[in-house]
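In what follows, a single structure is set out as structure tokens and then discussed.
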Amino acid sequence: MKGISYRGNHICFGKYALQALEPAWITSRQIEAGRRAMTRNARRGGKIWVRIFPDKPVTVRPAETRMGSGKGSPEYWVAVVKPGRILYEMGGVTENIARRKWTHLNVADNSGARELMCIRILGASNRRYAHIGDVIVAVIKEAVPNMPLEKSEVVRAVIVRTCKELKRDSGMIIRYDDNAAVVIDQEGNPKGTRIFGAIPRELRQLNFTKIVSLAPEFIMGRDTIAEIITSIRNADMDRKRVVRIASTNITENIVKILFREGFIENVRKHREKNNYFLVLTLRHRRNRKRPYRNFLNLKRISRPGLRIYSNSQRIPRILGGMGIVILSTSRGIMTDREARLEGIGGEILCYIC
């Protein structure tokens with residue numbers, strides 16, 4: 001088919017329209033599938049007009065038949081579309097709903113599917129966006145050949161990674177580079193035998209233990225020190241004076257050092273539903289040149305994957321001794337100055353400058 005469409009290339013009924021950019025034969029099944037997708041996307045709101053009609057029959061002759069005897073019987077009907085033709089029109093909805101597209105996700109397992117397109121969220125009829133741990137119904141857009149799962153097959157999947165940040169109760173924010181899901185069966189077990197990429201610990205709380213056991217980059221424990229450092233740093237950058245962190249023995253000792261050295265203004269212990277929290281009041285610094293400058297600069301040094309130790313003679317000096325190094329020693333958590341006076345070393349937890 002050559003040329004462009006000179007008829008049916010203007011909006012006549014609605015406010016928004018979907019226009020073809022390439023020539024094609026669109027079957028009646030594809031037209032109905034597009035109408036259903038638009039209806040679900042608009043949450044049964046507004047009006048939808050179908051501007052094309054499948055009026056061209058496509059005949060197919062049965063296999064292993066002789067030549068001759070005319071054409072075969074009509075198998076299906078198609079609509080001949082040229083570039084510029086209006087396919088659908090929509091009215092009675094906002095521009096955001098009309099422009100919204102279905103989310104495509106990468107598959108983080110070896111089930112055979114490569115890319116999924118989200119159709120709807122199970123158990124949430126009014127929600128428009130899915131988060132980590134939500135079970136969705138999706139269609140396979142790309143699949144590996146000669147595998148059990150094929151293209152255009154409708155499956156269930158659980159969200160394991162999102163580009164949208166995930167904020168935990170401690171204040172830590174987690175953001176991934178892609179949107180990914182794992183294909184599961186009716187019982188919630190993965191169909192693949194391997195999981196690729198990092199998996200958050202929230203899946204364990206949602207009883208997806210099989211996915212957690214197959215994931216190679218799942219952090220089993222919690223890095224409490226990194227969580228409180230991130231919570232304090234984020235609150236200080238957002239100019240929040242009050243921040244709440246989980247109360248443990250190690251966090252209480254670190255907060256005592258921050259309070260004793262003058263990095264925080266006040267601290268109190270709060271109880272909520274048999275859980276204890278530490279409520280910190282931060283201290284901000286202002287000057288004449290800039291309206292605001294971050295006062296706290298905390299940096300995590302020793303991590304669960306890489307522990308860093310030092311003796312009393314090799315403890316680093318931050319800013320020529322003006323900063324503070326917090327260490328975990330055999331006599332408890334203390335600063336670098338206290339460790340040098342007592343002549344003991346330990347694990348370097350974090351820097352404060």
Side-chain angles (χ1 to χ4, degrees), residues 1-93 97-107 111-120 136-157 183 185-186 191:
M1 294 178 292
K2 298 182 179 179
I4 61 176
S5 177
Y6 292 97
R7 294 185 300 176
N9 54 3
H10 294 85
I11 300 178
C12 299
F13 304 100
K15 189 176 181 180
Y16 308 101
L18 184 64
Q19 192 175 31
L21 300 179
E22 297 179 356
W25 282 4
I26 302 180
T27 64
S28 57
R29 294 173 60 90
Q30 294 173 342
I31 296 174
E32 177 63 16
R35 185 198 64 82
R36 289 186 180 183
M38 295 178 65
T39 303
R40 292 173 180 174
N41 193 32
R43 300 290 189 232
R44 300 184 183 276
K47 291 184 178 181
I48 297 175
W49 291 268
V50 181
R51 293 289 305 275
I52 55 177
F53 185 80
D55 55 356
K56 181 181 179 63
V58 177
T59 59
V60 177
R61 299 196 64 180
E64 299 181 359
T65 56
R66 293 176 144 242
M67 297 294 293
S69 302
K71 299 176 64 176
S73 59
E75 184 72 14
Y76 56 92
W77 298 75
V78 299
V80 181
V81 173
K82 292 184 178 181
R85 175 74 176 183
I86 299 296
L87 306 179
Y88 302 93
E89 292 189 22
M90 181 180 292
V93 295
I97 295 178
R99 286 179 175 270
R100 189 172 62 226
K101 61 181 180 180
W102 301 106
T103 303
H104 287 245
L105 306 97
N106 298 327
V107 180
S111 58
R114 288 182 177 177
E115 185 178 354
L116 302 177
M117 186 182 72
C118 178
I119 298 177
R120 63 187 179 93
I136 63 172
V137 177
V139 60
I140 300 177
K141 303 301 292 184
E142 293 184 10
V144 180
N146 302 325
M147 293 294 288
L149 297 180
E150 298 180 354
K151 185 178 179 180
S152 302
E153 185 177 349
V154 179
V155 295
R156 286 191 178 188
V183 181
D185 54 13
Q186 298 291 335
K191 291 188 176 182

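Just so it is clear, the structure is predicted and the values come from calculations on it, not from any experiment.
- Residues satisfying the side chain to side chain donor-acceptor pair (under 3.5 Å) criterion with Gln19, sequence neighbours excluded, are absent altogether.
- Partners of Pro83 according to the side chain to side chain contact (heavy atoms under 4.5 Å, CB included) rule, which considers only residues two or more places apart in sequence or in another chain, are Ile4, Pro23.
- By the side chain to side chain contact (heavy atoms under 4.5 Å, CB included) test, Ala143 is found to be paired with Ile140, residues two or more places apart in sequence or in another chain being considered.
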Ile136 vs Leu116, side-chain contact (heavy atoms from CB on, under 4.5 Å): CA-CA, chis, key distance, verdict: CA-CA 10 Å; Ile136 63 172; Leu116 302 177; 5.6 Å; no

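- Residues in residues 5-16 take part in no side chain to side chain donor-acceptor pair (under 3.5 Å) pair, two or more places apart or across chains.
- Take Glu32 and apply the salt bridge (Lys or Arg N to Asp or Glu O under 4.0 Å) test, not counting sequence neighbours, and it matches Arg35, Arg36.
- Within the structure, salt bridge (charged side-chain N to carboxylate O under 4.0 Å, His left out) pairs that include any residue of residues 66-84 do not occur (at least two apart or interchain).
- With sequence neighbours left out, the salt bridge (Lys or Arg N to Asp or Glu O under 4.0 Å) criterion links Arg61 to no other residue.
- The side chain to side chain contact (heavy atoms under 4.5 Å, CB included) test applied to Thr27 returns Arg29, Gln30, Tyr76, Val78, not counting sequence neighbours.
- Heavy-atom minimum distance, Ser28 versus Pro54: CB-CG, 3.8 Å.
- Taking Arg51 as the reference, Glu89 meet the salt bridge (Lys or Arg N to Asp or Glu O under 4.0 Å) condition, with sequence neighbours excluded.
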Trace of the side-chain contact (heavy atoms from CB on, under 4.5 Å) decision for Val81 with Trp25: CA-CA 6 Å; Val81 173; Trp25 282 4; over 6 Å; no

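- Remark: Asp185 engages Glu187, Asn189, Lys191 in a side chain to side chain contact (heavy atoms under 4.5 Å, CB included) (not counting sequence neighbours).
- Sequence neighbours left out, the pairs with a member in residues 140-156 that pass side chain to side chain donor-acceptor pair (under 3.5 Å) are Arg156-Gln186.
- By the side chain to side chain donor-acceptor pair (under 3.5 Å) test, Glu22 pairs with no residue at all, sequence neighbours left out.
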Residues Val58, Trp77; criterion side-chain contact (heavy atoms from CB on, under 4.5 Å); working and verdict: CA-CA 6 Å; Val58 177; Trp77 298 75; over 6 Å; no

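- For the pair Phe53/Ile31, no side-chain contact is recorded, criterion being any heavy-atom separation below 4.5 Å from C-beta on.
- Shown here for Ser111 and Pro148, the closest heavy-atom pair between the two residues is O-CD, 4.3 Å.
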